[in-house]
Each structure stands twice: as C-alpha cells, then as structure tokens.
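Residue numbers start from 1 in every chain, and the chains themselves are labelled A, B, ... in the order their sequence lines are given, proteins ahead of strands.
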Number of protein chains: 2
Amino acid sequence: MQKETATVTLEEWEIELLNVFVGLFDTFGVPKSVAQIYGVLFCADGPLSQEEIGQKLQISAGSASQGLRLLVELGAAHKQSVPGQRGNQFTAERSMRRLLGYFIDAKMRPRMRTGKERLEALRDQLPPENKLAQQRLESLLQWQDKAGKLLPLISKFLG
Amino acid sequence: MQKETATVTLEEWEIELLNVFVGLFDTFGVPKSVAQIYGVLFCADGPLSQEEIGQKLQISAGSASQGLRLLVELGAAHKQSVPGQRGNQFTAERSMRRLLGYFIDAKMRPRMRTGKERLEALRDQLPPENKLAQQRLESLLQWQDKAGKLLPLISKFLG
DNA sequence: TCTTTATTTCATAAAAAAATGAATCTATAG
DNA sequence: CTATAGATTCATTTTTTTATGAAATAAAGA
C-alpha cells in the first residue's frame, strides 16, 4: 500500500498557536504536552493518526497514547476508527462551548459533588454549639451552591 | 511579654474543610500546600501569624512564607502589619467574588493578553493565501474574545 | 547600639508528575 | 493462521515542581 507522505513538521504559525494553547490549558492544570497535542489537532486540516501527532511533536508512542486518552476523556478530542483502515484517527473539539462544557462535566462537577457530600455529612455531625465551624461550613456550602448555578450559565453564554 | 497560647492543632472539621479547598484549588492548578494555607486562614476566627499557620500545618517557615506570598499575589489572602507588634498577620479573602476576580486578574488576564498579542502579531505576518492558518487563527482569536466578555459576567453573577 | 524575633531567599533535597521504551495486546492484511 | 502495523500498558527514567533548612535580611525592644 502507498505510504501517505503527510507533513510531519510543524509550521511556524502552528508553533505559535500551540504556545497559546499551552498557556490556556495550563490555567486549568492541563500539562504542556497534552495541550500541544490538542493544538496539533486544532490546527490540522483533517483527522490525524496517533503516529502523525507523535511525529510532529517528537514524542514517544506511549506519550501520545496517554495524552490522547486524557484529551478524549476531557472531550477535547474525538477518536474515530475508520472501517477498513488500521489505526485510529483523531480530531479536535473546536467548539469552545463544548470544550468547556466537557471539562466542567469531567473534572469540576465530580469534585464539587464529592465536596458537597463531605460538607453536608460534616454538618450533620457538627455540634451546634460550635458556632465558628457552623458558620465557616455554611460559607463554603454557599460557594458550592453559587458555583453550581454559575456553570450552566457559562455554557449558555458560550452557546 | 506573655506568650499567646493559641490553638496550634487543626480540628476535625478544619481538616475536612481543608480537603475541600485542596480539591477546589487544584482545579486551577494551585498546589495542595497553598490551598491548605488558605483553608487555615478561611477557618480561623481572626488573623493569624505566619508562625501559627506553619505550626498548624507542620510546614517549614520557608514554605509558609512562599505559600503566603502566592496567596497574597492572587488576592486570596491579605497581609497586615499591626503597628507596635512584630511579625505580620494574615487573613483570608472570604468573598468568592473577589477571590475569583483577583484570580482572573492575576493569572488569566495576563495570559490572555499576551496570547492575544501574539496572535495578532502572527496575523499580520501570515501570508493571506494560507487559508488554513488564517482560519485557525481567527477561531482562536474568537475564543479570546468570548473569554474576555465572559469573565466580567462571572464577576457580576457572583456579586 | 546590640539582641532577639520574624521573615525572606535560595541552594539543595524530596516528592510528584510526565515521558520513555520495551513488552504486550489488538486487529487487519495477506 | 501468520505476520505485521498500530495501540496500549506500565515499570523505569527523566524532568519538573514543591518543600526544606540554613543563611541573610529586616524590624522592633532594651
């Protein structure tokens, strides 16, 4: 079978965009290499294989695999296995709304939920005479509450 | 001078709250120990000295110093030097709105600004016939734009 | 001033996170 | 079925981040 001769080197403008993504993603604690993989997909003209991504970024197959897995988990990348073809293809989720939405669902909500449960459990076993503890606990529960209402609004705004 | 016999150990409920803060802050890449320092301040009944914080968390003076510096930079803690008294006192910023607002100003805006500048510079030197690059660049600039409009709305909502 | 206590700095140590690469598993082509 | 390209896993290595502690600095009391 004819080997595809795709571009395996990053262009100047792609590198520049990648750096911006690295900064953006870092705000949410996503590692540099993962942001770079996303960036490559974002810039690409079509789906890319894991191999192509690895070549462009000069990273190992293991690294590419792990990074792509994280991105797929976060909903930032989509994996498609094309029938009648080995390997998988990846594309970037380019909608900012969906990107943030997935991130919120995958990372923020679970944490907020367990946090809330913990706090509510604590409230039930906290002596009522401990006014300070009661008060601090209430403050924090209010944060959770506000955040829970804010997140959908963000999605809406971006939609 | 009489030595103050403040509580140097964390109570059960404080530890629980600290853990919640660790989770929340981690979402934005703030290290555990820094989140814990914030938690201690948040729970406290009044201002605390760096020494008291260090004792409660069993961390070194250097660690406390660096962690507090970061929190102050982020606007998550306030430092006050009480006249006629050695050392400084620290308090937590307990307003969620201000907390997020400061964070946005301190960490997100600068990144977005430099990102935007970079992208605009790139746009000016990008050959117009490179349609793909043009298009991707525009997408990303639109993200910046949306984000720039979203951030104030968040502050407003929390206010 | 000198002394003592609080704080910061920064080189080093410790810990945590991320990348590698070899072994393993999977799936397709032949 | 067998051979092979592709993908994944995971123990190990590398890199990065964070914490420590000793030394330097600052600031207040005597």
Side-chain angles (χ1 to χ4, degrees), chain A residues 1-6 8 18 21-23 25-41 47-74 77-91 107, chain B residues 1-4 6 8 22-23 25-41 47-74 77-90 107:
Chain A
M1 189 195 265
Q2 169 86 32
K3 187 80 180 179
E4 189 82 33
T5 41
V8 294
L18 257 60
F21 282 118
V22 169
F25 279 51
D26 183 51
T27 310
F28 297 101
V30 177
K32 187 168 81 169
S33 67
V34 177
Q36 288 174 326
I37 294 174
Y38 178 83
V40 166
L41 291 174
L48 295 180
S49 69
Q50 177 177 304
E51 195 191 4
E52 289 170 303
I53 296 163
Q55 283 177 332
K56 281 184 198 255
L57 291 172
Q58 311 261 51
I59 58 178
S60 68
S63 226
S65 175
Q66 291 168 176
L68 282 166
R69 173 152 42 115
L70 178 58
L71 286 173
V72 170
E73 277 170 17
L74 292 176
H78 303 291
K79 183 183 195 166
Q80 44 202 186
S81 52
V82 182
Q85 194 182 318
R86 285 191 196 196
N88 300 305
Q89 298 284 92
F90 294 88
T91 52
K107 293 211 82 175
Chain B
M1 188 197 263
Q2 169 85 32
K3 187 79 179 179
E4 189 82 33
V8 294
V22 169
F25 279 51
D26 183 50
T27 310
F28 297 100
V30 177
K32 188 167 79 168
S33 67
V34 178
Q36 289 175 325
I37 294 175
Y38 178 83
V40 166
L41 291 174
L48 295 180
S49 69
Q50 177 176 304
E51 195 192 4
E52 289 171 302
I53 295 163
Q55 284 177 332
K56 280 185 198 255
L57 291 172
Q58 312 261 49
I59 58 176
S60 67
S63 226
S65 173
Q66 289 169 178
L68 282 166
R69 170 151 44 114
L70 178 59
L71 286 173
V72 169
E73 277 170 18
L74 292 177
H78 303 292
K79 184 182 192 166
Q80 45 201 182
S81 52
V82 182
Q85 194 183 316
R86 288 189 195 201
N88 300 305
Q89 298 283 89
F90 294 88
K107 292 212 83 175

Angle between ring planes, A:Y38 versus A:F21, binned at 30° and 60°: parallel, tilted or perpendicular? perpendicular
If I take atom CD in residue B:Q89 and atom C1' in nucleotide D:dA27, what distance separates them, rounded to the nearest angstrom? 15 Å
Round to a whole Å and report the spacing from CZ of B:R69 to C1' of D:dT25. 14 Å
Select from A:G87 and A:Q66 the residue whose nearest nucleotide in DNA chain D is closer to the 5' end of that strand. A:G87
What's the CD-C1' distance between B:Q50 and D:dT25, to the nearest Å? 14 Å
When rounded to the nearest 0.5 Å, the distance separating OG of B:S65 from CD1 of B:I59 is 10.0 Å
DNA chain C: 5'-proximal contact among A:R86 and A:A64 (nearest heavy atom): A:A64
Looking only at heavy atoms, which two atoms of A:L41 and A:F90 are closest? And how far apart? CD2-O, 3.5 Å
Sorted by chain and residue number, the side-chain hydrogen bond (donor to acceptor under 3.5 Å, both in side chains) partners of B:S49 (sequence neighbours excluded) come out as B:E52
Report yes if at least one side-chain N or O of B:N88 is closer than 4.0 Å to OP1 or OP2 of C:dA6; otherwise report no. no
Looking only at C:dT8, C:dA6, D:dG6, the nucleotide nearest the B:E51 side chain is C:dA6
OP1 or OP2 of D:dT20 less than 4.0 angstrom from a side-chain nitrogen or oxygen of B:S63, does that happen here? yes
Nearest-angstrom distance from the residue atom CD of A:Q85 to P of C:dT28: 11 Å
What is the distance from CG of B:L70 to P of C:dT8, rounded to the nearest Å? 13 Å
Here the residues of residues 29-41 of chain A within 4.0 Å heavy-atom distance, strictly under, of DNA chain C are A:P31, A:S33
From OG1 (A:T91) to NE2 (A:H78), nearest 0.5 Å: 5.5 Å
Find the distance A:F25:CZ to C:dA18:C1' and express it as a whole number of Å. 17 Å
Atom-pair distance (NZ on B:K79; P on D:dA26), nearest Å: 13 Å
Say you draw a straight line from NZ of B:K107 to CG of A:D26; how long is it, rounded to the nearest 0.5 Å? 6.5 Å
Which of A:L48, A:L18, A:L70, A:L71 passes side-chain contact (heavy atoms from CB on, under 4.5 Å) with A:I37? Answer is A:L71
Roughly, in whole Å, what's the span from CG in B:L57 to P in D:dT18? 16 Å
